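Following: one structure in structure tokens, then a few remarks.
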Amino acid sequence: MKHIFLLLALSAVVASCSNKAEHVEKAFYYWKSNEWGLTEAEDSAVKKINPDKLYVKFFEVARDEMMGNIPVAKSQVFNYPKFEYDGITAIPTVYINNDVFINSSDKEIDSLAVNVNFLISKYYKERYLADKPKEIQMDCDWTPKSRDNYFKFLRKLKKAANTTLSCTLRLYPYKYPKKMGVPPVDKVMLMCYNLVNPLQNEDTNSILDTEELSKYLNKKRKYPLHTDIALPVFSWMQVYQNKRFKGLIYPEAASVKKILKPVRPLWYEVIKDTVINDHYLRTGDLVKYEEITSPKIKMAIKIIKENVALDKTITVALYHLDEKELNKFYYETLIGFYSSFSE
């Protein structure tokens with residue numbers, strides 16, 4: 001009889017340590033600002049992958065010295081009177097610059113919550129013919145200096161919107177909730193990318209480095225809010241002219257690699273003058289080309305499953321829905337990223 005109880009106890013321990021979700025809601029972020037609709041390839045991806053959710057950037061908020069807090073980079077996508085994808089929930093998402101919360105007064109924070117809710121409601125009714133969204137999400141890289149104002153804003157917005165409120169969560173505040181605080185929202189989206197400063201880590205893939213990811217995750221330390229997962233499916237290229245950073249480019253891999261010569265891991269030299277996305281690249285320029293591949297994402301998923309306490313139902317969001325990025329993956333591969341969390 002003692003052996004039976006011991007076996008049952010061990011089974012309970014094993015079951016409690018099992019870390020896979022029973023149900024995974026598939027999602028994409030859509031982060032373009034000046035598009036009037038999905039491209040044919042993006043539309044095809046949505047229909048074949050059939051995500052449950054699209055986190056659509058409605059606008060951003062920036063701080064202007066003269067005008068105060070103003071909406072910028074408004075998204076035009078789906079700017080017509082019906083959301084055409086049946087069964088997919090559109091979630092309005094707003095990025096707010098951290099300076100907004102560092103430099104705003106209490107009165108301005110109150111006004112910001114009212115104004116953000118007003119714009120979301122206005123655009124949502126115009127685009128989706130519905131009174132209010134099922135969920136809204138705020139995106140801000142808050143710091144200890146901006147935390148109090150940001151959390152105050154979230155509480156005000158939650159009350160004004162009267163719907164599910166989520167926010168993005170970077171890895172540092174995930175690891176240090178006592179220091180950074182726990183946002184007053186219903187759930188968080190853990191952003192498992194952009195782990196290190198891209199300009200200060202020459203030999204590391206700053207979008208996703210699995211060794212760096214492991215440093216922030218620990219299953220023994222469950223985050224106090226429901227945690228969804230966001231993963232990157234994008235690549236970028238840092239351009240340097242005369243050893244000075246000139247900007248980021250999001251190129252198509254097939255076209256750009258034709259004019260690059262590898263010089264060391266991650267680094268290439270431009271061998272032919274060319275223009276990419278309105279950026280003029282000169283012969284001799286150096287670029288750091290950081291790519292996200294299927295094996296890298298699969299390794300990240302393995303690390304997350306081993307080190308994050310997942311609820312039975314989670315949302316997994318891929319950043320982001322863009323034709324140039326989707327061309328790098330088969331649809332089956334993208335679907336596999338989602339299903340891996342329940343296997």
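The structure displayed is predicted, hence computed values, not measured ones.
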Does [atom1] in [X] sit with more than 12 non-hydrogen atoms of other residues, nucleotides or ligands closer than 6.0 Å?
X      : atom1 : result
Arg282 : CZ    : no
Lys246 : NZ    : no
Asn242 : CG    : no
Asn197 : CG    : yes
Arg244 : CZ    : no
Lys156 : NZ    : no
Phe118 : CZ    : no
Lys261 : NZ    : no

Would you tell me whether [X] and [Y] have side-chain atoms, one donor and one acceptor, within less than 3.5 Å of each other?
X      : Y      : value
Asn307 : Tyr216 : no
Lys179 : Tyr172 : yes
Asn98  : Ser146 : yes
Tyr330 : Ser294 : no

Taking all non-hydrogen atoms of both residues into account, name the closest pair between [X] and [Y] and its distance.
X      : Y      : value
Val263 : Glu269 : CG1-CB, 4.0 Å
Val94  : Val61  : CG1-CG2, 4.1 Å
Lys158 : Asp186 : NZ-OD2, 2.7 Å
Leu266 : Asn205 : CD1-N, 3.7 Å

Side-chain touch [X]/[Y], heavy atoms, less than 4.5 angstrom:
X      : Y      : value
Thr315 : Ile91  : no
Lys187 : Thr164 : yes
Asn149 : Asp106 : yes
Glu202 : Arg264 : yes
Lys298 : Phe337 : yes
Pro71  : Phe58  : no
Leu281 : Met237 : yes
Pro92  : Tyr123 : no

Legend entry - Cluster check Ile292, Val256: I/L/V/M/F/W/Y, side chain < 4.5 angstrom: no
Inset, instruction - State yes or no: do Ile259 and Trp236 share one hydrophobic cluster built from I, L, V, M, F, W and Y residues joined by side-chain heavy-atom distances below 4.5 Å, directly or via other members? - result: no
Lys/Arg N to Asp/Glu carboxylate O, [X] vs [Y], below 4.0 Å:
X      : Y      : result
Glu126 : Lys122 : yes
Lys47  : Asp43  : yes
Asp139 : Arg170 : yes
Asp322 : Lys328 : no

Any chance you could measure [X], atom [atom1], to [Y], atom [atom2], to the nearest 0.5 Å?
X      : Y      : atom1 : atom2 : result
Asn19  : Phe341 : CG    : CZ    : 10.0 Å
Ile297 : Thr333 : CD1   : OG1   : 9.5 Å
Ser206 : Gln200 : OG    : CD    : 11.0 Å
Glu343 : Lys305 : CD    : NZ    : 6.5 Å
Glu325 : Glu291 : CD    : CD    : 9.5 Å
Glu323 : Glu40  : CD    : CD    : 8.5 Å

Legend entry - Output field: ring centroids Tyr174/Tyr223 closer than 6.0 Å: yes
Legend entry - Check: Trp142 ring centre within less than 6.0 Å of Phe151 ring centre: yes
